[in-house]
Amino acid sequence: MIRTRFAPSPTGYLHIGGARTALYAWAYARRHGGAFILRIEDTDLARSTPAAVQAIIDGMRWLGLAHDEGPFYQTQRFPRYKEVVAQLLAAGQAYPCYTSADELEQLREAQRARGEKPRYDGRWRPEPGRTLPPAPPGVAPVIRFKNPQDGVVSWEDGVKGRITVANAELDDFVIARGDGTPTYNFCVVVDDWDMRISHVIRGDDHVNNTPRQINLFHALGAPLPNFAHLSMILGDDGQKLSKRHGAVSVLQYEEDGYLPEAVLNYLARLGWSHGDEEIFTMAQFCAWFDLDHVTASAAQFNTEKLNWLNAHYLKQADPARLAAEIERRLAGQGLDRGHDIDLARVATLYRERVGNLNELADAAHPFVRAPHPSAELLAQHLSPAVREALASLRGKFAGVAWEQPVLAAALKETLAAHGMKMPQLAIPLRVVLLGQPQSPAIDAVLEVLGRDRVCERIDAALGPATS
RNA sequence: GACCCUAUCGUCUAGAGGCCUAGGACAAUACCCUUUCACGGUAUGAACCCGGGUUCGAAUCCCGGUGGGGUCGCCA
């Protein structure tokens, strides 16, 4: 049974890198008919917040990455961790350490000065034949894991291949703090063991933790899961993503008018490939996804390609769905009431010309509220000849059947009668009706706008002087 | 600094020794389509980090260099 998990720490929102990690872990489980587990790693009581938990869950929901089990919270598993710590202590595989934070800092400083890798020196590590100093009174010790000192730890990483680290590089890391709460490297192991995780798919930044965790698995007599480390995603500018720089919440993409399927497709393709396939559904992705084709090197985020995918999905999106999205956005501007425009028709008209939902809502704007083209714009487009043609067109519009072919015919008659070419009349008409010189085919716009609005707007533009 | 990882067009990538005069996609440029602007279509330019090996033959394997990234917390 394949079991994967996504294990974010709730210290912030779900960003694009986390989303991709979740996506790959999810797809891997789906691909193999396994289970995808959501686990909230909130052992850092000081930094974890319920709001962040909610933000992560909301982000996952927006993307449609449903978990089969969980969410599990590490803070609710403290008794279990305590039990395992006690077990390790009893077996002599962990020990209390009374070194203070200050002493540790001094130690690291000295090591750095000597050009060494800063690490705990094992001063409280019990060894046969070694006498430890008496425990300082009043100090609550941390518990450290007794890491093997010889040999190497080696594993076959699902994306990076064989990775080998010497135990001499590792120190005895803390598994429980002075206050008794367990720490990350310890909890992950106990959880992955208890939850029978078969494939640990996570960010690149955990590669260095893996050998320690493997040693812990061994000490616990637990079976080893497979590990796969995804390399990181760089910003559009090639710089590392951080809260300060470019790392935005996936929900920000929702705000910015992206469709979740576009974001998902983009993320799927960022760091993984299936030959030349660029556009595919999540069902296809799940059928194809494999670790072998995940790239080992870092990938740079490219907003333009995301935009292209978004435009692609917009073109084939259901008009009713788009109408709801437009409505939601218009509501945000207080424009959702007092109109009888069929927004689904507006969406059909514009969905292949815009890049995102916000642009779509902007395009719908003049359908819902009469535009106010500036005097300059009107002056620029409404020459006397144009006004004349417009007036006669207005006359035709009053009595004609309101259907696109009929409207097109009326337009052509007017053109012929006034010796004009289509753009000469269509562009001014666009300015008058929508407040801008570009739009979809003018006859289609006319039809969706409706007779009343069209006539009102032409009248308003021509003013009382013309009749 | 130490350790670990990594390196194909500007970007995402295909490529698992001969199929590569290196393929696709985004972006760029040009043209076509056209009722404007888009969309769409066609075409063009654009890359194997460097140096050594191994081999009849290397983008592909090995070593070194360089660049990039990660980690070195009683954070996760």
Side-chain angles (χ1 to χ4, degrees), chain A residues 7-11 41-44 46-48 74 97 99-101 104-105 108 111-120 140-144 157 159-161 163-166 168-171 173-185 187-188 202-211 229 231-232 234 236 238 240 266 269-279 292-293 295-309 311 315 350-355 408 411-412 415 421-431 436-444:
Chain A
S9 69
T11 53
E41 311 223 317
D42 53 356
T43 52
D44 184 353
R47 295 201 305 153
S48 300
Q74 292 188 321
C97 166
T99 314
S100 70
L104 242 23
E105 193 38 54
R108 292 189 187 113
Q111 287 165 330
R112 258 189 281 264
R114 270 176 275 141
E116 292 168 16
K117 186 178 192 166
R119 77 239 284 179
Y120 177 66
V142 300
I143 307 299
R144 286 183 185 272
D157 194 89
V159 346
K160 295 186 183 283
I163 299 180
T164 303
V165 177
E169 293 294 332
L170 274 24
D171 61 1
F173 62 99
V174 173
I175 59 175
R177 304 181 176 93
D179 64 5
T181 56
T183 62
Y184 166 77
N185 273 109
C187 296
V188 227
R202 66 200 345 174
D204 212 340
D205 47 337
H206 291 290
V207 170
N208 292 277
N209 290 324
T210 307
H229 290 94
S231 29
M232 79 172 351
L234 272 21
D236 242 332
K240 182 192 167 184
Y266 178 72
R269 197 60 189 61
L270 186 65
W272 171 86
S273 62
H274 184 74
D276 289 340
E277 299 292 344
E278 294 287 351
I279 293 176
D292 289 347
H293 290 85
T295 322
S297 55
Q300 190 171 317
F301 194 87
N302 185 222
T303 304
E304 288 183 324
K305 190 163 182 182
L306 204 213
N307 290 345
W308 167 71
L309 277 166
K315 278 179 202 119
Y350 280 91
R351 64 179 172 176
E352 59 184 40
R353 342 171 36 91
V354 297
L411 221 36
K412 288 202 171 103
L415 253 23
K421 293 287 188 192
M422 182 62 91
Q424 291 175 283
L425 187 55
I427 293 178
L429 195 49
R430 289 184 171 98
V431 169
Q436 54 190 35
Q438 299 91 30
S439 85
I442 191 64
D443 45 2

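We name chains A, B, ... by the order of the sequence lines, and we start the count at 1 in each one.
- Residue contacts shown for A:V142 include a base, since a base heavy atom lies under 4.0 Å away.
- Toward the 5′ end of RNA chain B lies the nearest nucleotide of A:F301, the other residue of the pair A:F301 and A:R119 mapping further downstream.
- Note on A:R47: every side-chain N or O is 4.0 Å or more away from OP1 and OP2 of B:C74.
- Distances were taken from every side-chain heavy atom of A:I163 (C-beta onward) to each of B:A25, B:C4, B:U36; the shortest belongs to B:C4.
- Residue A:L270 is in sugar-phosphate contact alone, with no base atom involved, counting any heavy-atom pair closer than 4.0 Å across all strands shown.
- Between A:E304 and A:V165, the residue anchored closer to the 5' end of RNA chain B is A:V165, taking for each the nucleotide with the nearest heavy atom.
- At the heavy-atom level, A:G203 lies nowhere under 4.0 Å from the strands shown.
- Within the nucleic acid shown, A:A299 comes within 4.0 Å of sugar-phosphate atoms alone, with no base atom in reach, counting heavy atoms only.
- Ranking B:A76, B:A27, B:G1 by closeness to the A:K117 side chain, first place goes to B:G1.
- Rounded to whole Å, atom P of B:C12 lies 11 Å from atom CZ of A:R269.
- Taking atom P in both B:C12 and B:G18, the straight-line distance is 26 Å, to the nearest Å.
- The pair A:D171-A:K117 fails the salt-bridge criterion, with no side-chain N (NZ, NE, NH1 or NH2) lying under 4.0 Å from an Asp/Glu carboxylate O.
- Residues that satisfy the side chain to side chain contact (heavy atoms under 4.5 Å, CB included) test with A:P8, not counting sequence neighbours, are A:F6, A:L38, A:I40, A:I56.
- OP1 or OP2 of B:A2 has not a single side-chain nitrogen or oxygen of A:R112 nearer than 4.0 Å.
- Here the side chain of A:V207 is nearest to one of B:C4, B:C74, B:G70, namely B:C4.
- For the pair A:Y184 OH and B:C74 P, the computed distance is 15 Å after rounding to whole Å.
- Heavy atoms of A:N209 sit under 4.0 angstrom from at least one base atom.
- Of the candidates B:U11, B:C5, B:C74, the closest approach to any side-chain atom of A:N302 belongs to B:U11.
- Between the side chain of A:D276 and the base of B:G23, a donor-acceptor pair under 3.5 Å is found.
- With rounding to whole Å, A:W272 atom CH2 is found 12 Å from B:U13 atom P.
- Heavy atoms of A:T43 sit under 4.0 angstrom from primed sugar atoms or phosphate atoms, though from no base atom.
- Counting any heavy atom pair closer than 4.0 Å across all strands shown, A:T295 reaches sugar-phosphate atoms only and no base atom.
- Between the side chain of A:D205 and the base of B:G70, no donor-acceptor pair under 3.5 Å is found.
- Across all strands shown, A:G178 has heavy atoms under 4.0 Å from base atoms, whether or not it also approaches the sugar-phosphate.
- A:T210 comes within 4.0 angstrom of no nucleic acid atom, judged by non-hydrogen atoms across all strands.
- Within 4.0 Å of A:H229, counting heavy atoms only, lies no atom of the nucleic acid at all.
- With rounding to the nearest 0.5 Å, the separation of CD in A:E278 from CZ in A:R269 is 4.0 Å.
- Atom C1' of B:G41 sits at a distance of 49 Å from the matching atom of B:G53, rounded to the whole Å.
- A:S439 comes within 4.0 angstrom of a nucleotide base, judged by non-hydrogen atoms across all strands.
- Residue-level contact check: A:P440 touches the bases, meaning some heavy atom is under 4.0 Å from a base atom.
- Here A:K315 lies in heavy-atom contact (under 4.0 Å) with sugar-phosphate atoms only.
- Among the atoms of the strands shown, none is found under 4.0 Å from any heavy atom of A:D157.
- Closest to the side chain of A:A426, from the set B:U35, B:C5, B:C72, is B:U35.
- For A:H274, no side-chain nitrogen or oxygen approaches OP1 or OP2 of B:U13 to under 4.0 Å.
- The side chain of A:L104 has B:C74 as its nearest neighbour among B:C74, B:C12, B:U6.
- Within the model, atoms NE2 of A:H206 and CG of A:N185 stand 9.0 Å from one another, a figure rounded to the nearest 0.5 Å.
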